[in-house]
Chemist: 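Once you've had a glance at the structure underneath, I'll fire off some questions.
Start at 1 and go down the list; that is how both ligands and their atoms are numbered. Computation of the quantities below employed the complete heavy-atom set of this structure, encompassing side-chain atoms and omitting hydrogens, waters and symmetry-equivalent molecules.
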Amino acid sequence: MKALQCVELAGPEKLIFGEVDDPKPKAGEVLVDIKAASVNFPDVLMIQGLYQFQPPMPFIPGAECSGIISEIGEGVTLCQVGDHVFVMAGNGCFAEKLVVEEARVNKIPKEMDFPAAAGLGMVYGTSLYALKQRAQIQPGETLLVLGAAGGVGLSAVELGKVMGARVIAAASSEDKTKTCLAHGADEAFVYPSNNLERNQQKELSNKIKELTGGLGANVIYDPVGGSFSEPALRAMAWEGRFLVIGFAAGDIPKLPLNLALLKGCQIVGVFWGAWTAMFPDENKKNFEELFDLYAAGKINPEIADRFSLKDSAQAIAHLKDRKAKGKVIIDV
Ligand SMILES: NC(=O)c1ccc[n+]([C@@H]2O[C@H](COP(=O)([O-])OP(=O)(O)OC[C@H]3O[C@@H](n4cnc5c(N)ncnc54)[C@H](OP(=O)(O)O)[C@@H]3O)[C@@H](O)[C@H]2O)c1
């Protein structure tokens, strides 16, 4: 089969596209003919050796995909040949075929197309868990989303609206904020694309306070980190929840804890992957909810950019270079 391979830990330019052996399912595993895959920020980190989980070398990158089951191993009971599925595999998805344990496979409704299914799992799964289980966001509360036009960011904008919040989207360009407004954000503003200087940090806090009538945001969704987290936390409402999602800006911020005291707020860690492993049934329920929302037209994954499998290294570079809006899809 054809696949993208990581043979040394480096940037996307060092990935190699070519022929590798076809995988065969063992007991408890299924073979998926991949139809579409999507790029996530962890793919960018994993090929450089910067992610918390690292597969042995060489490996095929790509955390998630959708496709059709074409073969099942001994003892598989939950899936059948012909099932349309999406898979959270961790890696291995930028290829024509994937072998995976049946527990990692989720059936998709027949009306959902493969690109949409490939782009839904990680980002909407993360954001629903973050807003529902972790923040317990309430109707009428204000949700501020940083990096709001990115994969997880845009899903948080849509789910925040579904859950009755007033959503403020923040992103690094006018074009990105337009995408956020098109996906339902009530307000959107542009922040600088560079690491924020002291005065720019103050401006960011002031902007959030201005848009929340001086009260601050009840829930802050932060997939960016770096110099953006502290000014956002300074604009947190009393008893707010600050959701630690990720560090796309590169640096892991160190936050002054007096801010948590002064605002009576919570700093809440969100590690969706670990939660899905500990509470698979809860996660399945969340996905049923997401499929219902999709069928009702209430969530609508943004697929702004599509690449062929042959060009999947460019697709990873596209996300790494901050050019992506919503999901980057690879058509296999
Ligand atoms: N906690 C969890 O369970 C979980 C699950 C999935 C993903 N994540 C994390 O969430 C973060 C975002 O993932 P994603 O897949 O949504 O990525 P993405 O689509 O690339 O979005 C990331 C956003 O971060 C902003 N950003 C700021 N500085 C950046 C920089 N130097 N390089 C790249 N982007 C930068 C960009 O928005 P602007 O240009 O508008 O600033 C970009 O749209 C990652 O850190 C990822 O590891 C966490």
Chemist: Above 12 or not: heavy atoms from other molecules or residues under 6.0 Å from NZ of K178?
Modeler: no
Chemist: Could you tell me whether F86 and F287 have their ring centroids closer than 6.0 angstrom?
Modeler: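 Close enough - the centres of the two rings lie under 6.0 Å apart.
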Chemist: Do Y129 and E282 have a side chain donor and acceptor closer than 3.5 Å?
Modeler: no
Chemist: What does the list of residues with a heavy atom under 4.0 Å from ligand 1 look like, ordered by chain and number?
Modeler: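 Residue list for ligand 1: N40, F41, P42, M122, T126, G147, G150, G151, V152, A171, S172, K176, Y191, P223, V224, I245, G246, F247, A248, A249, V270, F271, W272, L319, R322.
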Chemist: Taking atom types as modelled and ignoring hydrogens, do the side chains of N218 and Q138 form a donor-acceptor contact shorter than 3.5 angstrom?
Modeler: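 The criterion, which ignores hydrogens and geometry beyond distance, is not satisfied for Q138 and N218.
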Chemist: Could you tell me whether the side chain of V152 reaches within less than 4.5 Å of the side chain of V123, counting heavy atoms only?
Modeler: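 The answer is yes, as the side chains (C-beta and beyond) meet within the 4.5 Å cut-off.
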Chemist: Is it true that, when you exclude E174 itself, more than 12 heavy atoms of the residues, nucleotides or ligands shown sit nearer than 6.0 Å to its CD?
Modeler: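 Incorrect, the count does not exceed 12.
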